[in-house]
Protein chains: 2
Amino acid sequence: MSTDAFTVLAEPTRRRILDALRDADRSVGELVDGLGVSQPAVSKHLRVLREAGFVSCRTAARQRIYRLEPGPLRAVDGWLDPYRRLWTRHLDALQRHLDSQEQ
Amino acid sequence: MSTDAFTVLAEPTRRRILDALRDADRSVGELVDGLGVSQPAVSKHLRVLREAGFVSCRTAARQRIYRLEPGPLRAVDGWLDPYRRLWTRHLDALQRHLDSQEQ
DNA sequence: CAGACATATAACGGAGAAGGCATATTGGGT
DNA sequence: ACCCAATATGCCTTCTCCGTTATATGTCTG
């Protein structure tokens, strides 16, 4: 079953995979080099990322080229949206009052 | 020890706590009602959230009032930043070409 | 078509986290 | 000072997930 986006992102190795895919599409082998994890481990993470929609994959010769997809990251961005007022909104009087209350 | 922001957010109950704190500060008891989880469980999640900086807490009479803090969510927002070009940037010719390649 | 390369899956062991119950702690009211 | 309310912590069990080794699938190449 497909895992939810936050659980997927909780894994450091998976975030590093996403980072690596930000610059360019990569084959599994390319990802294995530079990640310092075994190939099966990488394949498993790629499966999780694929099933959650973070990446897609095309076949080129003997290799599988993975590619970053925007969908789930956009969703996280959207989830974050109602929280943005915490740091974007101007502090009004009430807000300042609450700030002064906390220790 | 303090857990990293993504791991903290991976827990659905913790996200619901953050949601509840978005509108107003809440005591532990208020959070327990409406979450449908035992009080010790909520206290444990609050501890995780506190140690990771997502919330702060002040003492009022016998209660502890928890409050949402912007820091870690901002950090997640920042992490997301280099990925935003995936969906904000205009598709150029190369991008369209790659799109047509994937199946 | 046989062998080699690239990737995926299986099986297993171990570590961490979540929830529940029981209990400790802290602060308040009388 | 006692008792009670509000919250925190300990302990235990269960379950999920990561990583490794071994093996299967698949696909070029000679």
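The chains referred to below are lettered A, B, ... by the order of the sequence lines, with proteins before strands, and numbering in each begins at 1.
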Q) Looking at residues at least two apart in the chain, or sitting in another chain, which of them share a salt bridge (Lys or Arg N to Asp or Glu O under 4.0 Å) with A/Arg62? A) none
Q: Please identify each residue that fulfils side chain to side chain donor-acceptor pair (under 3.5 Å) with A/Asp23, with sequence neighbours left out.
A: none
Can you tabulate the close N/O pairs, meaning under 3.5 Å, that link protein atoms to atoms of nucleotides 25-30 of chain C?
none

Show which side-chain atoms of residues 33-44 of chain B pair as donor or acceptor with protein atoms under 3.5 Å away, not counting sequence neighbours.
from	atom 1	to	atom 2	distance (Å)
B/Ser38	OG	B/Ala41	N	3.4
B/Gln39	NE2	B/Ser43	OG	3.1

Q. Do B/Arg74 and B/Asp77 sit within salt-bridge range, that is, some charged N less than 4.0 Å from a carboxylate O?
A. no
Q) Contact boundaries of DNA chain D with chain B (under 4.0 Å, heavy atoms), 5' to 3'? A) D/dC4 to D/dC11
Q) Can you tell if the side chain of A/Asp25 reaches within under 4.5 Å of the side chain of A/Arg58, non-hydrogen atoms only? A) yes
Q.
Is there a side-chain contact between B/Phe54 and B/Leu21 in this structure, where contact means two heavy atoms from C-beta onward sitting under 4.5 Å apart?
A. no
N/O-N/O pairs, protein side and nucleotides 9-17 of chain C side, under 3.5 Å:
from	atom 1	to	atom 2	distance (Å)
C/dT9	OP2	A/Arg47	NH1	3.2

Q | Side-chain heavy atoms of B/Asp19 within contact of A/Tyr83, under 4.5 Å | A | yes
Q: Give a yes or no on this: more than 12 heavy atoms of other residues, nucleotides or ligands lie within 6.0 Å of atom CZ of B/Arg47.
A: no
Q: Identify the heavy atoms of A/Tyr66 and A/Val55 that sit nearest to each other, and give their distance.
A: CD2-CG2, 3.8 Å
Q. Any Lys/Arg nitrogen of B/Asp81 or B/Arg84 sitting under 4.0 Å from an Asp/Glu carboxylate oxygen of the other?
A. yes
Q: Under 4.0 Å between any heavy atoms, over every strand shown, what does B/Val42 touch: base, sugar-phosphate, or nothing? Just pick one.
A: nothing
